[in-house]
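Only a predicted model underlies this, so the values are computations on that prediction, with no experimental measurement involved.
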Amino acid sequence: MALAQRYSALTLKECLQGDGMKEIKEPAFSPLIDCALYDQFVVPAGVDPIEFVKPFTNTSGHMKIKFCHGTTTLAFKYNGGIVVAVDSRATAGTWIASQTVKKVIEINPYLLGTMAGGAADCGFWERRLAYHCRVYELNNKRRISVAAASKLLSNMIYYYKGMGLSIGTMISGYDTKGPGLYYVDSDGTRLTHHMFSVGSGSLYAYGVLDNGYREDLNKEEALDLAQRAIFHATHRDVYSGGVVNLYHMTEEGWEKISTTDVTDLYDKYQTEKGRAS
């Protein structure tokens with residue numbers, strides 16, 4: 001209480017320039033941050049937010065700010081189930097916002113969604129989908145099918161077509177009909193296929209997938225193929241990176257296999273390449 005009374009009257013200017021900075025004695029307590037909350041948001045030193053977003057400003061349309069998005073996600077079906085793999089880098093234009101984004105959204109134990117486009121848009125609408133899937137299960141006493149879940153998501157976001165949403169997701173899972181894999185985007189497009197890759201690095205991932213994909217892959221081969229595809233995309237696409245998150249889906253539900261830093265994969269594949277030569 002004494003600390004609160006001591007610093008609550010200080011303004012941001014006093015914290016930055018006055019005696020407020022001299023009062024910082026405890027490393028676990030930062031009056032600078034507490035004082036900043038009273039006047040304005042804290043921003044990194046030397047960054048002017050207005051000048052920073054000017055290169056990404058679109059004055060000709062309804063969307064005043066349009067950031068470039070980047071990611072690499074993929075999923076494919078094979079005889080042993082479904083493999084889902086994603087990177088973890090989030091970018092806003094040329095700025096790397098995060099290296100630890102979880103781009104696989106666990107809708108329920110038998111459904112997975114991936115995130116490509118706007119992180120907020122994908123996260124919100126797929127969590128909303130998870131809510132509706134749970135309501136369906138409670139009302140009907142059975143799990144929703146993969147096709148129905150993807151159609152539900154497509155219908156929800158179609159109403160917002162042209163309003164600035166940025167979503168490119170894959171809905172994968174198991175139901176009574178077996179494995180299902182669907183692509184849904186912010187225009188309401190809904191497609192099904194045995195293989196999809198979405199994001200700025202998807203072309204590089206497709207090159208690896210097309211070269212190594214077979215329906216009769218065993219589990220180890222399928223997981224290695226997905227991991228290699230994401231790695232090569234992160235190596236060539238500057239908007240992709242971080243770690244490779246790998247999931248495997250069977251009729252018993254999804255399982256998270258691994259989280260591997262792309263730097264470690266680079267060392268691993270370079271070693272293999274050296275041995276082969």
Side-chain angles (χ1 to χ4, degrees), residues 61-75 77 82-92 97-98 100-193 196-200 202 242 245-249 253-256 259:
H62 295 294
M63 289 187 295
K64 296 304 180 184
I65 299 177
K66 186 176 182 180
F67 286 112
C68 297
H69 307 291
T71 187
T72 306
T73 63
L74 66 85
K77 295 190 291 186
I82 303 173
V83 176
V84 180
V86 298
D87 76 315
S88 65
R89 176 175 291 179
T91 57
S98 175
T100 58
V101 175
K102 186 178 181 181
K103 297 184 182 180
V104 174
I105 298 176
E106 298 155 359
I107 299 171
N108 66 35
Y110 297 88
L111 277 176
L112 291 175
T114 60
M115 179 189 296
D121 293 341
C122 292
F124 175 83
W125 286 108
E126 291 189 38
R127 285 196 300 270
R128 189 69 179 168
L129 174 62
Y131 162 80
H132 284 292
C133 289
R134 180 57 177 159
V135 170
Y136 177 94
E137 185 175 347
L138 292 172
N139 288 337
N140 296 276
K141 311 302 181 186
R142 59 187 176 89
R143 298 198 314 267
I144 191 170
S145 67
V146 185
S150 64
K151 186 63 175 178
L152 183 59
L153 178 62
S154 175
N155 288 344
M156 286 192 294
I157 62 180
Y158 178 77
Y159 288 105
Y160 297 89
K161 182 177 181 179
M163 296 187 184
L165 291 181
S166 178
I167 300 172
T169 183
M170 293 172 288
I171 303 298
S172 59
Y174 253 85
D175 54 33
T176 56
K177 296 182 179 179
L181 178 60
Y182 291 82
Y183 165 80
V184 178
D185 67 19
S186 46
D187 289 331
T189 303
R190 174 176 170 268
L191 305 170
T192 183
H193 195 50
F196 287 111
S197 182
V198 186
S200 57
S202 60
N245 287 313
L246 198 58
Y247 286 74
H248 188 250
M249 175 85 69
W254 58 262
E255 174 191 6
K256 185 172 183 180
T259 297

Side chain to side chain contact (heavy atoms under 4.5 Å, CB included), that's the test. Do Val198 and Asp185 meet it? Break it down for me. CA-CA 10 Å; Val198 186; Asp185 67 19; over 6 Å; no
Given the rule in the side chain to side chain contact (heavy atoms under 4.5 Å, CB included) test, do Trp254 and Val84 qualify, once you have shown the distances and angles that lead to the verdict? CA-CA 10 Å; Trp254 58 262; Val84 180; over 6 Å; no
Assess the residue pair Tyr174 and Met249 against the criterion (side chain to side chain contact (heavy atoms under 4.5 Å, CB included)); give the C-alpha distance rounded to whole Å, side-chain angles, the decisive distance to 0.1 Å, and a yes or no. CA-CA 8 Å; Tyr174 253 85; Met249 175 85 69; 3.7 Å; yes
Atom pair OG1 (Thr114) and CD1 (Ile167), whose distance is rounded to the nearest 0.5 Å: 11.0 Å
Residue list, salt bridge (charged side-chain N to carboxylate O under 4.0 Å, His left out) with Arg134, at least two apart or on another chain: Glu137
Worked check of side chain to side chain contact (heavy atoms under 4.5 Å, CB included) between Ile171 and Ile107: CA-CA 9 Å; Ile171 303 298; Ile107 299 171; 4.0 Å; yes
Heavy-atom pair with the smallest gap, counting every atom of Val146 and Tyr182: CG1-CD1, 3.8 Å
May I ask you to test the Glu106-Leu112 pair for a side-chain heavy-atom distance under 4.5 Å? yes
Leu129 and Ala149 have their tightest heavy-atom pair at CD1-O, 3.4 Å
Are Asp175 and Arg143 within salt-bridge range, i.e. N to O under 4.0 Å? no
Just list the side-chain donor-acceptor pairs under 3.5 Å for residues 151-158, sequence neighbours left out, or say none.
from: Ser154; atom 1: OG; to: Gly188; atom 2: O; distance (Å): 2.7
from: Asn155; atom 1: ND2; to: Lys151; atom 2: O; distance (Å): 3.4

Heavy-atom pair of closest approach, residues Gly70 and Thr91: N-OG1, 3.5 Å
Show the nearest heavy-atom pair for residues Gly123 and Ile105, with the distance to one decimal. CA-CD1, 3.9 Å
Heavy-atom donor-acceptor pair, Lys103 side chain to Ala85 backbone, under 3.5 Å: no
When rounded to the nearest 0.5 angstrom, what distance separates OH in Tyr183 from OG in Ser197? 11.0 Å
Looking at Thr192 and Leu181, would you say the former's side chain and the latter's main chain have a donor-acceptor pair under 3.5 Å? yes
Around Tyr160, counting heavy atoms of other residues, nucleotides and ligands shown, do more than 12 lie under 6.0 Å from its OH? no
Looking at Ser166 and Cys122, what are the two nearest heavy atoms and their distance? O-SG, 4.1 Å
Restricting to non-hydrogen atoms, name the atom on Arg190 and the atom on Ser150 that form the minimum distance, rounded to 0.1 Å. NE-OG, 2.9 Å
Approximate separation, where rounding is to 0.5 Å, of Phe196 CZ and Leu74 CG: 12.0 Å
Distance col, row Lys77:NZ vs Ser172:OG, nearest 0.5 angstrom, shows 10.5 Å
Nearest-0.5 Å distance that lies between atom CE in Met115 and atom OG1 in Thr169: 8.5 Å
Can you measure from OG1 (Thr73) to CE (Met170) and round to the nearest 0.5 angstrom? 3.5 Å
